[in-house]
Amino acid sequence: MERQKQQKRVGLKPLPNAIEGEVILRFAPNPNGPLTIGHSRGVVINSEFASMYSGKVVLRFDDTDTRVKPPLPDAYNWIKDEYEWLVGRPADVIIRASERMPVYLDYARKMLEGGFGYVCRCTASNFKSLRDNSTACDCRDNSIDVNIQDWNSMNDGTINEGDAVVRVKTDLDLPNPALRDWPALRIQHAPHPMVGELYKVWPLLDFQSAVEDHLQGVTHIVRGKDLMDSTRKQTLLYEHFGWKYPETLYWGRVKVHEFGGFSTSGMREDINQGKFNGWDDSRLPTISALRRRGFQSQAIREFWLDLGLTQKDISISMQNIESINSTIIDSNSERRSFIRNPQNLRLEPNGFEVPNKLQLLRHPDEKIEGFREWKIIDDFLIEKDDYADEIRLKDFADVAIDDNLATINSFERTDKRAIAHWLPINHSREASLITPSNDGFKTDEGFIENIDLFEGMILQLERVGFARIEKIPENGAIELLYLHG
RNA sequence: GCUCGUGUAGUGUAGUUCGGUCCAUCAUGACGGACUCUCGAUCCGUCGACCCGGGUUCAAAUCCCGGCACGAGCACCA
């Protein structure tokens, strides 16, 4: 009897309660830096769900903090572009929380007027100790009039930063203390990089996000499970307003072996201190760095889609992304010779008639048609590591090496001697291959086969690995950035 | 500590809703081999897992109970 073999489901699981054409999702980063590989999970998963249901994605900049994680003005455009690069099309709607401030402040007032919010003038630590005992603070019983008065004082700057916050009334006996009378808005007098000093009171994530999700008609929220309590807080607010909370899904925490965790503010500080050369420093787990090295957006997409949506905390390796990237770029990457740590040799014909031209395939399986044509002269290079009594010059000849003389034994491959890549010096140009590593960069000086090269080209250096051409200067060495094997 | 969540091979993942088609899927990895004038690609093979203990049942990765482990939240950050 034939057993039916188990199969692996492909693609994301269906979204609960999704109606074709009516799904609205959102991706809401803080523009305090460009996107990291961690963010890309949100971009990929949300955009994939949207395309599964012909829905939309709202790209929302959650930039309501001017103090702890202040926005970086450049980051808005970086993120917009990186989103587009990852998805292949722009987000359907793009909004900034900071430009929507009047709306949030209006809803805050409505909350106070509705009596389900109040201005609390306790210190954070006092409130916390009351809260932990399920005890109301004195401010909680203030009349609506008093609350509105205090609210006005918060907004006109009469009440100082740190001296008041607006809270959402909840059941103080909620089992989870974190949810009890949670803070919705606070005072921040620091100027906002985008809107300046227009506002004294700024909403916190849980309030801003909750109101905006409702206003944008978001039907499904997919977010990290660290935000589970946010869902619960926001649901309480929705109940007050009489709104229906979106379906919510979560993913677990992700660590990448090669990078560890990734904190945008941490990187920002390190860059400012000069530990990195910028956001696209190839040692950083940012999208701009991966892109610069030659990772394809398709590889990043496939990677996250294969992981799918689970609440497990995972620790993954760049090897997985590299493997996917390899299969994508292998067929369209031309081959070139790159000689690290070169050794000069001179060809001794030994009575053989040496052809003056050699045609080498641009791609071994001819996925790319055509040849690189070498004019053979006597002087050529091999890597010092390949130096041996007898080697095979790839695609050319068996040679015996004595000192720096390479005597041709045969053009045919006659034995199992090691194959080495090589390069006639008339086709060589100085190049340095930079490989990012944990403690800096490793630089291999050498010579690259100087045929049809251009900046941004991703090629496979024979017997070395994939690399991207960073720069071809007028004079001096070509700069190569190592991608992976 | 309190609250919430998660446990399938080295890594990641499918299967868990409605127990049998599961001596458990796929990818990656490691190892071995074939092929190839790259340490690339391709092909073949091998390795390797249901957190633990009870229970229900003819039958449990799947249901129930009890442990254990790990993670997150408990910010006037997002």
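Throughout, a chain's letter reflects where its sequence line sits, starting with A, and its residues are numbered from 1.
Contact annotation: A/Lys312 side-chain N/O to B/U8 OP1/OP2 distance is under 4.0 Å. Between A/Arg9 and B/C26 there is no side-chain N or O to OP1 or OP2 distance below 4.0 Å.
Comparing the same atom, C1', in B/C51 and in B/G71 gives a spacing of 15 Å after rounding to whole Å. With both ends at atom P, the span from B/C4 to B/G66 equals 15 Å, rounded to whole Å. To the nearest whole angstrom, the two P atoms, one in B/C65 and one in B/C47, are 38 Å apart. Separating the P atom of B/G53 from that of B/U13 is a span of 24 Å, rounded to the nearest Å. The C1' atoms of B/G12 and B/G32 are separated by 24 Å, rounded to the nearest whole Å. Atom C1' of B/A9 sits at a distance of 11 Å from the matching atom of B/G29, rounded to the whole Å. Between the C1' atoms of B/A34 and B/C22, the separation comes to 32 Å (whole Å). Taking atom C1' in both B/C31 and B/A24, the straight-line distance is 23 Å, to the nearest Å.
Aromatic ring orientation, A/Phe27 versus A/His39: perpendicular (interplanar angle above 60°, classes split at 30° and 60°).
Between atom OH of residue A/Tyr118 and atom CG of residue A/Asp138 there is a gap of 10.5 Å, rounded to the nearest 0.5 Å.
Every pair passing salt bridge (charged side-chain N to carboxylate O under 4.0 Å, His left out) that includes a residue from residues 313-338 of chain A is listed here, sequence neighbours excluded: A/Lys225-A/Asp313, A/Asp330-A/Arg335, A/Glu334-A/Arg336, A/Glu334-A/Arg362.
Sequence order on RNA chain B of the closest nucleotides to A/Gln319 and A/Ala164 puts A/Gln319 first from the 5' end.
Ring centroids of A/Phe338 and A/Phe447 are separated by 6.0 Å or more, keeping the two rings apart.
Picking from B/A78, B/G71, B/C39 the nucleotide with the shortest atom distance to the side chain of A/Asp313 gives B/G71.
Note on A/Arg67: nothing from the nucleic acid sits closer than 4.0 angstrom, heavy atoms only.
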